[in-house]
Amino acid sequence: KAGVTQTPRYLIKTRGQQVTLSCSPISGHRSVSWYQQTPGQGLQFLFEYFSETQRNKGNFPGRFSGRQFSNSRSEMNVSTLELGDSALYLCASSLGTSANTGELFFGEGSRLTVL
Amino acid sequence: GENVEQHPSTLSVQEGDSAVIKCTYSDSASNYFPWYKQELGKGPQLIIDIRSNVGEKKDQRIAVTLNKTAKHFSLHITETQPEDSAVYFCAASILWDSGGYQKVTFGTGTKLQVIP
């Protein structure tokens with residue numbers, strides 16, 4: 001069974017640009033959530049999508065957005081990049097249904113560097 | 001919202017010794033407490049979890065205890081091995097019967113080093 005796949009793995013952008021990150025969940029998983037990981041702040045919740053609808057949202061500015069497609073794949077977008085957006089962005093999938101054990105299955109992340 | 005504090009931030013132990021990591025949470029409604037292990041260059045991976053209706057859970061060398069009254073939970077690793085070296089995160093959330101969950105709040109992580 002394939003795991004969670006995130007692309008790209010590494011990218012470098014400059015301030016003011018925008019970036020789109022992609023996440024393909026484990027087959028059959030309908031919930032996809034995104035996290036920002038930085039050395040100082042740990043894992044910060046961005047948002048969660050289930051069946052193409054945003055179900056939960058963290059405390060990030062509107063520059064951070066996401067969406068989920070009918071095949072459960074998800075993308076997140078960050079517009080007007082700032083230096084502080086440099087981080088590892090992790091995607092996690094779970095069943096999201098009553099059979100859900102609560103376990104999140106994480107991808108290896110997309111490391112974004114903003115110059 | 002939920003706030004999870006984790007201590008210590010770094011921990012060094014000799015191989016074979018035990019390691020204990022402690023977390024506290026603030027939201028008494030939280031009912032699901034997982035622990036994740038993150039190795040270098042990889043995403044976090046669940047190693048053990050506990051629900052609020054259970055006080056302790058063990059899986060081989062790993063155990064988790066939960067004190068709902070004090071709102072704290074701990075990870076215990078016995079007979080540590082070099083491959084246990086990693087960053088460990090505790091977390092708290094509300095897991096609904098429908099399978100959804102209120103956002104997962106993570107602790108800031110503990111870097112465990114097991115010295116051979």
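A note on names: the letters A, B, ... follow the listed sequences, proteins ahead of strands, and every chain is numbered from 1. As the structure is a computational prediction, the values presented were derived from the model and not from experiment.
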### Message
So which atom in A:Phe45 and which in B:Val104 form the shortest heavy-atom distance, rounded to 0.1 Å?
### Response
CB-O, 4.0 Å
### Summary
Heavy atoms of B:Tyr32 and A:Glu103 approach each other most closely as OH-N, 3.6 Å
### Summary
By ring-ring contact (aromatic ring centres under 6.0 Å, His included), A:Phe50 pairs with (sequence neighbours left out) none
### Under 4.5 Å from any heavy atom of chain A - which part of B:Gln38
side chain
### Query
Which residues, numbered in order, of residues 107-115 of chain A come under 4.5 angstrom of chain B by heavy-atom distance?
A:Gly107, A:Glu108
Are [Y] and [X] linked, directly or through intermediate hydrophobic residues, by side-chain heavy-atom contacts shorter than 4.5 Å (ILVMFWY only)?
| X | Y | answer |
| --- | --- | --- |
| A:Val19 | A:Leu46 | yes |
| B:Trp35 | B:Val13 | yes |
| B:Val20 | B:Tyr88 | no |
| B:Leu95 | A:Val32 | no |
| A:Tyr10 | A:Leu83 | no |

### Query
So which part of A:Leu90 gets closer than 4.5 Å to some heavy atom of chain B, the side chain, the backbone, both or neither?
side chain
### Proximity breakdown for A:Gln37 and chain B, heavy-atom pairs closer than 4.5 Å
side chain
### Side-chain donor or acceptor of B:Tyr36 paired with backbone N/O of A:Leu104 under 3.5 Å
yes
### Task
Pull out the residues in residues 41-50 of chain B that come under 4.5 Å of chain A, heavy atom to heavy atom, sorted by number.
B:Gly41, B:Lys42, B:Gly43, B:Pro44, B:Leu46, B:Asp49
### Summary
Among residues 51-79 of chain B, residues within the sub-4.5 Å heavy-atom range of chain A, in order of number, are B:Arg51
### Task
Return yes when atom CG of A:Asn59 has more than 12 non-hydrogen atoms of other residues, nucleotides or ligands closer than 6.0 Å, and no otherwise.
no
### Task
Go through the steps for B:Phe106 and A:Tyr35 under the test ring pair (Phe, Tyr, Trp, His ring centres under 6.0 Å), then give the verdict.
CA-CA 10 Å; B:Phe106 284 85; A:Tyr35 294 82; 5.4 Å; yes
